[in-house]
Protein chains: 2
Amino acid sequence: MSSTAHGARARARIEITAAIKEEARRQLAKEGAVKLSLRAVARELGMASSALYRYFPSRDDLLTALIIDAYDSLGAAAEAARDAAADVGPVRRWTAVCEGVRGWALGHPHEYALIYGTPVPGYTAPETTVPAAARSALVAIGILRDAHQGLGLAKPPLPAELRPEAVRMAADLAPDLPPEVVATMVAAWAQLFGLIGFELFGQFNRVVEDRDTFFRHAVGQLAHTVGLVYPQQGPVATPGGPAAESS
Amino acid sequence: MSSTAHGARARARIEITAAIKEEARRQLAKEGAVKLSLRAVARELGMASSALYRYFPSRDDLLTALIIDAYDSLGAAAEAARDAAADVGPVRRWTAVCEGVRGWALGHPHEYALIYGTPVPGYTAPETTVPAAARSALVAIGILRDAHQGLGLAKPPLPAELRPEAVRMAADLAPDLPPEVVATMVAAWAQLFGLIGFELFGQFNRVVEDRDTFFRHAVGQLAHTVGLVYPQQGPVATPGGPAAESS
DNA sequence: GGCAAAGCAAGAGCACTGCTCTCGTTTTTG
DNA sequence: CAAAAACGAGAGCAGTGCTCTTGCTTTGCC
């Protein structure tokens, strides 16, 4: 199928494509997506700007490629954090993954902004980004699955009106998990990126000082919200989440 | 002080300044911040582009003005939602404010992106935006204050390591509220914008369908997290450690 | 009043952008 | 080997933010 070989030209093509992405990623990391310039990339690579259009038909297509790579990079970071916390309890592993995601975001602010900030072009990310985007979220779902099959998972409260939606979401995302857990998990996942975004985009300036501690506490509460429970102890501030619920 | 008067020229200046902002806001709402063009604004107003620089020294300054207006508009929406829910319990009022914020965001997506999306220029929003940004958050704090002085407010758990930070935050934001509540509230506020951002920026596409219901449930849980309790459920079980009976 | 100073609008121009089109050249393919 | 496809480079178009200069109008001061 000519994944390699097939002439020297095909090889050169993927090499040049990679070089373009590399240089573009460098500019993205340094200046942000808004400042990323096709001409500057071409200039740095010593080629005419028009030649670049043989590889990416438009600036948005280049950005889309970078978006996919960023999702992938984030997903890898999440998986690494999970694997590094393989032998601790689900709550700590959840916290580790959240901190891994946050760490990646702090280390790659412009790439984070590219995927979770304002959509750059005329919206509508292409279909191809969907699987890449799911990768990090799948890590979180995996933790819940482990807990569900292992030590246990509390079922978060779920109002009746949300039940059909939760069932649908569970069928799509994790058929083996209780719908309550899946629905709550999706919300918690979004909330996680609220915390990260606020920190990264300056909303915590002059408000939150000790951000590491603050974040760890917040995602700890989030862990409780999604139903993760401490296997043994509870001396640290653990409860407070959704326990009773009447209205 | 001469807020008005002082010559016909001064009056013309504030009129033109307003017209520029108005046209800029229109373009912002239609095309987004990236597409906002000084030249297009000037063109639409029938003036030379260079003349516009007498009123806003740079594009970023225009954007900053729009940012402040957007914060203000959001704050007004939050206050309106609060006032419309003046005669219900704190949880419902909290939910109403959250839904008000979300409603504003859905109705003004580009303005929302301007203030809570990727920072446009070289970061560092000017000092002047801070009070405007605080306005909506103050509404949320006010609800907690009412609950604290009224029916009651559960103290969320707070690990010892976060206590100093929570005390500092409470001193800055709401000295009359327990530090646990303030710290948790700040986190919850950030998480709220995670939910909104995910919906607005397409992260919920093909994942969450019934978004109204989903959102209402999520902010209901958030209300519980910050310590708001349902009035008919009676007082909190234990002052130091919250209920969590059924886990 | 008169008059200098300050504020203002307009135009030209600079350096930059994304993108298109054309024109030779090189490589691949039938 | 020749036709076809891919490629690189250059010129060019329409657009951008921003600056500078040149006249004109409105202020504020004596």
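Atoms considered below: every heavy atom in the structure, side chains included; atoms not considered: hydrogens, waters and symmetry mates. A, B, ... follow the sequence lines: proteins, then strands. Residue 1 opens every chain.
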Could you tell me how far apart [X] ([atom1]) and [N] ([atom2]) are, to the nearest whole angstrom?
X     : N      : atom1 : atom2 : result
B/L62 : D/dT16 : CG    : P     : 14 Å
B/L52 : C/dG11 : CG    : P     : 15 Å
B/L63 : D/dG17 : CG    : C1'   : 12 Å
A/E31 : C/dC16 : CD    : C1'   : 14 Å
B/R11 : C/dC8  : CZ    : C1'   : 18 Å
B/M47 : C/dA9  : CE    : P     : 5 Å
B/R59 : D/dG15 : CZ    : C1'   : 13 Å
B/Y53 : C/dG11 : OH    : C1'   : 15 Å

Give one of base, sugar-phosphate or nothing for [X], where a contact means two heavy atoms less than 4.0 Å apart.
X     : value
B/I16 : sugar-phosphate
A/S37 : sugar-phosphate
B/L36 : sugar-phosphate
B/Y55 : sugar-phosphate

Presence of salt bridge, [Y] and [X], under 4.0 angstrom:
X      : Y      : value
A/E165 : A/R168 : yes
A/E79  : A/R135 : yes
B/D83  : B/R93  : no
A/R26  : A/E23  : yes
B/D210 : B/R216 : no

**side-chain N/O A/R54 vs D/dC7 OP1/OP2, d < 4.0 Å** = no

**Asked** For B/R13 and C/dC8, is the shortest distance between a side-chain N/O and OP1 or OP2 below 4.0 Å?
**Response** yes

**Asked** Are the side chains of A/L66 and A/L62 in touch, meaning some heavy atoms are under 4.5 Å apart?
**Response** yes

**Message:** Could you check whether any side-chain heavy atom of B/V41 comes within less than 4.5 Å of a side-chain heavy atom of B/L36, counting everything from C-beta outward?
**Reply:** yes

**Request:** Could you please name the option among D/dC7, D/dT26, C/dT20 that lies closest to any side-chain atom of A/R9?
**Result:** D/dC7

**Item:** Residue whose nearest DNA chain D nucleotide is more 5′ - A/A51 or B/S58
**Value:** A/A51

**Asked** Does the base of D/dG8 carry an N or O that pairs as donor and acceptor with the side chain of A/S50 under 3.5 Å?
**Response** no

**Prompt:** Which residues, if any, of residues 38-45 of chain A bring a heavy atom under 4.0 Å of DNA chain C?
**Reply:** A/L38, A/R39, A/R43

